[in-house]
Amino acid sequence: MTDLRENERLAILALKKVDDHTDVERLTQISELKGPALMQAIFALSEKRLVELRERNQSFAYLLEEGSSYLSKGLPERQILEAVLDKGGELTTYDVGKHTGLDESVINMALGWLKKKGWATLTRRDGGILISAKRDQEQGLDEQLLILFEKKNELPIDDLTSECREALNVLRKRNLLEVVERTLREAYLTEKGRSLSEKDLKGIREISALTADVLKYDLWKEAKFVPYDVKAEPPVVYPGKKHVYLEFLEDVRRFLISMGFAEAESSYIETEFWNFDVLFQAQDHPAREVHDSYALKNPTKGRISDRGLMRRVMWTHENGWITGSTGWRYKWNPEIARRLILRTQTTATSIHYLSTHKRPPVKMFCISRNFRPDFLDATHSMEFYQCEGIVMGKDANFRHLLGFLKEFSRAFGIDKVKFKPGYFPFTEPSVEGFVQHPRLGWIECLPGGIFRPEVIKPLGLDCPVLAWGIGIDRIAMASLGIDDIRELFTKKLDWLRAKPLR
Amino acid sequence: MTLGELEVYLPSIKCEVKATIGDEITLELNSDRPDMLSVEGVVRALRSFMEMKTGPQKIMAKKGPVNVKVLASTEKVRPFIACSILRGIKLSDEIVRQMMQLQEKLHETYCRNRRKASIGIYDLDRVSPNIIYEAVSPGKISFVPLDANEKMSGTEILERTDKGIRYAPIIKQLRVYPLLRDENGIVLSMPPILNSEDTRVTSLTEDLFIDVTGLDERLVNSVNNILIYNLALRGGNPEIVSIKYSTGRKIATPLLKPTEMTMNIDYANQTLGLSMGAGSMTRLLRRAGHSAKPIDGRKIRVLIPPYRCDILHQIDLVEDVVMSYGFNNLTPELPSTATVGKELAISTLTRTAREIMVGFAFQEVLNYILSNKNILCTKMKREADNLIEISNPMSMEYHMLRDSLIPGLLNYLSFNRHVQYPQKIFECGDVIGYAPKSSPRTLRKLAAVICNYKASFEEVQSIAYTTFKTLNLKHWSIEGSHHPSFIDGRSAQIRTEDAEIAILGEIHPEVLKNFELENPVVALEINMTELLTQSEE
């Protein structure tokens, strides 16, 4: 049994009504299907070899405007002949105009045809022309053709006899009609199509969308599901998605929590005291020059509530206090310490945390943003993430710091790590960790150290504090295959939409 | 030694190899070792580290005839001076180049752009051995400064020479300027600005006179030490200069006496996670360039050479030990400190909220906290009263801290006008809340916008309601609000009893036009920090 769709079935039934073949236009007229649906069905049937589509060019004659005006009254020569006979066999051209209402130019042309067809004789008289006719004339082929147009708009001319075609040609030359060539599609029922059984052609209900009603009334049992073209492209949809960089940071957060670190945060707006002074960065240290941190227009100064800490920090800077250090030996200025800036390092967060968590063991982390005056380009950003952390423990030592940094890298798929001595004003010893990236080579991204006694003693701490502040942006870039730091904050919506999640 | 070997050793003494061209290596140095700011210092450290010649550099210096008398006038201006002499040095171009580099780098870093200390190097033959350091009024100063061809006064030097213009702020406000001259009135220099042409060091110079003046006696001596030690590595005989202050105090510089410090072996071992004995630790300290000797099994007496000014505390010696030991010879070990990990409540809430937004098929985006007045205010049709501005911005693109996420999201949309609609984006991030005369507060906010050929209030309203239900927030109410960025009558605020927790509405057509957006936008912003406070109560 051939599997027919409803529309295909209707198309075949229509074809059967017209002796198994017709041109498609005609089929449209007799079928209950609408044009496009019918064409679709015919094409589908032709793919199933039930119908053969043939194309052929055919010429059609169409009446032009002047031709149409003669449809009811006949050609002008006929009109003149009738007028002459009506008036007794003789009439001047002047009177012809009056009796027929024809234009002078048309009359003049018609005189030629009267003479040519031998329907009348023409003689000059009194500066005009006298038309004389003796009897009525039979319709010529040209007139018979014209009459055909009373019933149809177009006349296929390929089927005409050669005489008729000649007559048609005359009318065409007289600009009464035109001939246009058209491509005709004809549908033929093939052998296979003709052999379709009654059963094949019996109508079955089809279901395109499965609806609640279809289910409710069990309609699908009597019906057939319209098959879909499963290879057709569906419309594009975008899922809701988290930002790829924040997801990376979530992984880092998960890892740190799994290692037993507690999260902390502090303000982006910070006094220089917490950002620098507590970290034993001398007030005239080059990293504290005005162009190395963003200052605020308003408010400009903040409060340092812990006066005791402020004094201890001052003494430590000036002479080392009881830390065992020589200090920086200068006059410490509380006004500089009160200045508000955008924090340049999340180390400020670690220090805040330590000031309220003084009993070991302490393990803290913070993944947050810092600010440093810079022009935004492919490798610099005025705003960047840092992954900060500390370990305070009675037995915490430098090898633990290296061990943590190594474990951190391993968690993000990097096995090769090497360490070099580094320098940070607030840690000693300090380390720079490098990780080996398969594409980018050695990347310097794991800085850390042990907080100096000058940092922890004023806070009232006595245990070693391991600290690190990882430039997580660079690790994320390497991991996400991004070469331009601005891409982490990309403004390209389609890039984010298209970015795979893994 | 090959370049390759050098490149391996250098990073171990904090010299980062930046470039190698031919047989020349460019190094980047860490700022805690001013003595390594010339090739001599790097070589000294390297020789010791590679155990070619461990321990400190020693120089023999005799007391010479040159003396400096410091007059009281310098006391309130630039009170301290240290000097040294190097006789019989053959000045090659390379030596001069290194000398200049050392001087320049010390000035820039350790001397804080000459403010705290400044260096002068002169041809000793041009002056008498009796030198006077004083401070005189600029009008009375008159000498030909280096590279000039006429005499100038102190004021003219500050106004007409390059160095004068550059360093003028250091002394311009003073009534008297520092001046170094000999007893016959031949000027050596006007510290910290410029030397005189008279005393210029040339290829014929054999004996160098060095002075360092400044505000901090320790620093002045450190710099003087670094200079004489580093230059003496090239040859010549150092000589001591007697300095007599107006108070009668006498001092002989350079100070060749090492600084003594005791290092506790247990402290070092505990810090590093090692268990080294006194012997090996002593050897490592010598390798780091110190003179070291165990006192008993628990302490080491360390003599720090006069050019090492970076040692403030015994922890700095511990670092020298571990650098000599080699960072990569340490076995990394995971911290043994057992603690319970946890995240902040705001992080948990943020994650839940982000998941809800993803469920609503919003794409998350990320913007900077730094923004600008145009985006935050002008385009949003509102005033900048409650916004914090940077006083020293690098660009006017980023000079203001955001207090809302919506302007950033509208700006984001404006970059994506030709991307397929509907565009549904959200951001969950920090903003700074501020009212004049109060302390700025960090607030976590969540904002979402929908941009489509049509977008209605109802869309964000239903998202807001569902979000609050999902977050189990009770007792809130909505009321119409007037917000300059929204259409009047189509914006609202959602409140709990004591705080506003959200705003929402249809963005005003004028705002859309300002952002060059061609489609309507509805927006919602929730104050997560406030939400957390509510749920904790």
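- Only the side chain of Arg253(A) comes within less than 4.5 Å of a heavy atom of chain B; its backbone N, CA, C and O stay farther away.
- Interface remark: Glu16(B) contributes side-chain atoms only to the contact with chain A (heavy atom separation under 4.5 Å).
- Close approach to chain A, defined as a heavy atom under 4.5 Å from one of its heavy atoms, is seen in Val340(B), Gly341(B), Lys342(B), Glu343(B), Leu344(B), Ser347(B) of residues 340-349 of chain B, taken by number.
- The side chain to side chain donor-acceptor pair (under 3.5 Å) search around Glu383(A) returns Arg369(A), not counting sequence neighbours.
- In this structure, the portions of Tyr368(B) lying under 4.5 Å from any heavy atom of chain A include both its backbone and its side chain.
- In this structure, chain B has a heavy atom under 4.5 Å from the side chain of Ser381(A), while its backbone stays farther away.
- Heavy atoms of Gln270(B) lying under 4.5 Å from chain A belong exclusively to its backbone.
- Of all heavy-atom pairs between Phe375(A) and Met394(B), the closest is CE2-O, 3.0 Å.
- Neither the backbone nor the side chain of Glu108(B) comes within contact range of chain A; no heavy atoms are under 4.5 Å apart.
- Only the backbone of Pro422(B) comes within contact range of chain A, with at least one heavy atom under 4.5 Å from a heavy atom of that chain.
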### Message
Show, in sequence, the C-alpha distance, side-chain angles and deciding distance for Asp216(B) and Arg329(A), and conclude whether the salt bridge (Lys or Arg N to Asp or Glu O under 4.0 Å) test is met.
### Response
CA-CA 8 Å; Asp216(B) 172 350; Arg329(A) 299 177 188 225; over 6 Å; no
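- Proximity to chain B is absent for every atom of Leu405(A), based on heavy atoms less than 4.5 angstrom apart.
- Of the possible donor and acceptor atoms, none in the side chain of Asn416(B) sits under 3.5 Å from a partner among the backbone N and O of Lys492(A).
- Proximity to chain A (any heavy atom under 4.5 Å) is shown, for Leu215(B), by neither the backbone nor the side chain.
- With a threshold of 4.5 angstrom between heavy atoms, Pro440(B) approaches chain A through side-chain atoms but not through N, CA, C or O.
- When heavy atoms are compared at a cutoff of 4.5 Å, Thr442(B) approaches chain A solely by way of its side chain, counted from C-beta outward.
- Residue contact with chain B, scored on non-hydrogen atoms closer than 4.5 Å, involves the backbone and the side chain of Val236(A) alike.
- A donor-acceptor contact shorter than 3.5 Å is absent between the side chain of His313(B) and the backbone of Glu454(A).
- Contact annotation for Leu401(B): only side-chain heavy atoms (C-beta onward) come within less than 4.5 Å of a heavy atom of chain A.
- Only the side chain of Tyr434(B) comes within contact range of chain A, with at least one heavy atom under 4.5 Å from a heavy atom of that chain.
- A donor-acceptor pair is defined here as one N or O able to donate and one able to accept, closer than 3.5 Å; such a pair exists between the side chain of Asn392(B) and the backbone of Ala295(A).
- For Arg399(A) against Thr331(B), the heavy-atom pair with the smallest separation is NH1-O, 3.0 Å.
- Ranked by non-hydrogen atom pairs under 4.5 Å with chain A, the options Asn269(B), Leu387(B), Leu330(B) are led by Leu330(B).
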